[in-house]
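Data first, discussion second: the structure below is written as structure tokens.
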Protein chains: 2
Amino acid sequence: MTEDDFLRAYDPAAFPRPALTVDLVLMGLRGGCPAVLLMPRTEHPHAGRWALPGSFVRLDETLDEAAERVLRTKAGFTPAEVAETHREQLYTFGALDRDPRMRIVSVAYLALLPEALFTQVLMGDAGLSAARMAVPGESEAGRPVAVFAARDRAARTALPLAFDHADILALAILRLRGKLDYSDVGFALLPETFTLRQLQDVHEAILGTTLNKPAFRRRMLDRGWLVPTGARETGTSFRPAELYRYRKPL
Amino acid sequence: MTEDDFLRAYDPAAFPRPALTVDLVLMGLRGGCPAVLLMPRTEHPHAGRWALPGSFVRLDETLDEAAERVLRTKAGFTPAEVAETHREQLYTFGALDRDPRMRIVSVAYLALLPEALFTQVLMGDAGLSAARMAVPGESEAGRPVAVFAARDRAARTALPLAFDHADILALAILRLRGKLDYSDVGFALLPETFTLRQLQDVHEAILGTTLNKPAFRRRMLDRGWLVPTGARETGTSFRPAELYRYRKPL
DNA sequence: AGAATAGTGTCTTTCAGACACTATCAT
DNA sequence: ATGATAGTGTCTGAAAGACACTATTCT
């Protein structure tokens with residue numbers, strides 16, 4: 001950016017550049033477990049493995065716009081669904097041998113889907129499959145993450161992931177965990193209105209621990225981000241819980 | 001990354017790609033204030049403004065390696081100095097109009113320099129200048145950061161920064177602040193051995209607040225990262241403080 | 001001795017964890 | 001009434017803030 005002498009004589013096409021892509025971690029919760037949407041690879045390289053949806057970055061779009069385009073074109077999101085999805089840049093992966101075909105640098109994004117949207121996308125015709133993510137313990141922090149077929153909950157054999165996508169997934173869950181209690185990312189995994197129990201379930205699923213109920217409620221309510229709707233949960237066979245709405249802190 | 005049909009017929013040179021660079025925020029402390037090393041721009045575009053040292057990413061180096069190369073070739077670091085510098089990837093900036101000449105995506109890195117090394121690099125012949133960073137308050141979080149000439153401490157007129165480098169600096173100080181009390185980045189700004197007061201000064205400079213002395217000491221010592229050397233500060237006209245060494249937690 | 005800072009003892013306050021308790025709904 | 005979960009009151013313990021105090025060095 002600051003190489004003046006270099007740039008003055010620079011022919012944009014003259015020097016070889018790495019290719020640039022975005023890869024998206026589409027994360028949601030399925031049955032109380034973190035899950036991710038993956039595409040099966042059918043061709044070389046890494047045929048038979050599972051990959052994150054991604055795309056090359058075009059010259060006329062920003063990185064964020066490229067990520068949105070992947071949501072629309074690779075995952076079948078409608079513009080409205082794109083709008084209700086939390087997205088943030090995760091990290092940029094630039095190892096030399098990430099892809100055997102050529103040098104590709106990839107900007108990884110994390111997208112968080114409420115459970116209903118996750119299911120809807122999964123049922124759509126985009127060809128995405130859900131994989132349950134093993135929540136790593138403290139000791140495994142930083143290691144690649146193992147994912148399992150979402151069909152049977154007791155599956156033991158890990159799905160093979162393409163490229164360095166296991167590293168990307170590991171970073172995604174770590175980032176999510178780190179931001180969970182000081183930011184508002186947790187709400188991105190919940191529907192418009194939700195109960196405090198649902199919110200606690202989200203936190204517990206991502207942290208992989210159980211939380212103290214009174215302390216959790218106190219903290220969340222004291223934070224001032226929750227607005228009681230006055231409505232109650234329906235369809236339970238017991239006392240229905242109050243429904244809250246998340247209000248963005250000014 | 002996962003566009004199979006596209007890639008099979010892909011000629012690496014056939015499609016236009018954004019250029020890819022790394023830009024480095026070389027940060028240290030000067031006289032109790034966060035400071036950054038900048039290069040003056042002498043040519044169009046943004047001539048007369050100040051820029052972060054950076055470089056294009058080559059095909060045969062990773063992003064981290066490109067950042068190291070900038071340290072060596074643009075900032076005049078010796079390999080030993082590179083080794084004693086903390087580096088981490090910050091964020092990737094991909095706005096369309098970042099650079100008026102062509103589409104350039106830049107991976108920003110944060111490098112932390114102990115005060116002695118900061119001064120040494122500044123005095124070197126790499127042409128870098130030091131600029132004092134205005135530590136933004138809570139209300140200005142996320143805004144571009146203003147920097148001032150380091151010569152006179154009372155300077156009021158902000159230095160003009162090139163490209164989106166004010167945004168990069170803003171993110172750098174925010175990231176540093178966020179990681180300060182749960183990670184060990186603070187030690188990267190200190191020499192090999194240091195006193196607890198120096199450590200507290202580093203934290204106060206970056207946070208822009210004052211801290212409670214007994215509480216700070218308790219927290220730091222309880223964390224188990226500090227090893228007393230047995231030696232004492234020298235050159236003071238009062239009681240010399242114990243010198244500690246940072247020991248990487250296993 | 002005096003100045004200046006290093007380093008500590010202790011009280012208070014705040015907040016999380018634990019546990020039991022009450023409240024409210026469907027059946 | 002019973003079962004099941006929602007929601008709360010309160011005790012306890014850990015840790016931060018505040019403040020005063022002692023300790024140690026140089027001049």
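Chain naming here is simple, since letters A, B, ... match the order of the sequence lines and numbering starts at 1 in each.
Shown here for Glu68(B) and Val82(B), the closest heavy-atom pair between the two residues is CG-CG1, 4.1 Å.
Looking only at distances, no side-chain donor or acceptor of Arg87(B) sits under 3.5 Å from a matching main-chain atom of Ala67(B). Panel note: side chain Glu242(A), backbone Pro228(A); no donor-acceptor pair is recorded below 3.5 Å.
The pair Glu88(B)-Lys179(B) meets the salt-bridge criterion, with a side-chain N (NZ, NE, NH1 or NH2) lying under 4.0 Å from an Asp/Glu carboxylate O. The pair Glu115(B)-Arg30(B) fails the salt-bridge criterion, with no side-chain N (NZ, NE, NH1 or NH2) lying under 4.0 Å from an Asp/Glu carboxylate O.
Ring geometry, Phe93(A) versus Tyr91(A): the interplanar angle exceeds 60°, so the pair is classed perpendicular (tilted spans 30 to 60°).
Protein atom CZ of Arg217(A) is 16 Å distant from nucleotide atom C1' of dA16(C), rounded to whole Å. Rounding to whole angstrom units, CE of residue Met220(A) and P of dG17(C) are separated by 11 Å. One atom, CD of Glu233(A), and another, P of dA26(C), lie 12 Å apart when rounded to the nearest Å. Distance Lys213(B) NZ to dT5(C) C1': 7 Å, rounded to the nearest Å. Between the CZ atom of Phe216(A) and the P atom of dG17(C) there is a distance of 11 Å, rounded to whole Å. Taking atom CZ on Arg219(A) and atom P on dG17(C), their separation rounds to 7 Å, with Å as the unit. In this structure, CZ of Arg197(B) is placed 16 Å from P of dA4(C), rounded to the nearest angstrom. For Asp181(A) and dA16(C), the CG to P distance is 10 Å, given to the nearest whole Å.
Within a 6.0 Å radius of CZ in Arg223(A), more than 12 heavy atoms belonging to other residues, nucleotides or ligands are found.
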- Chi angles and distances behind the side chain to side chain contact (heavy atoms under 4.5 Å, CB included) call for Asp201(A), Leu29(A): CA-CA 10 Å; Asp201(A) 285 342; Leu29(A) 295 178; over 6 Å; no

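A rotation axis mapping the C1' atoms of four pairs onto the next four is fitted at both ends of the helix from dA1(C)-dT27(D) to dT27(C)-dA1(D) over five pairs, and the angle between these axes is 10° to 10 degrees.
Sequence order on DNA chain C of the closest nucleotides to Arg218(A) and Thr236(A) puts Arg218(A) first from the 5' end.
When DNA chain D is scanned in the 5' to 3' direction for atoms under 4.0 Å from non-hydrogen atoms of chain A, the outermost contacting nucleotides are dG3(D) to dT10(D).
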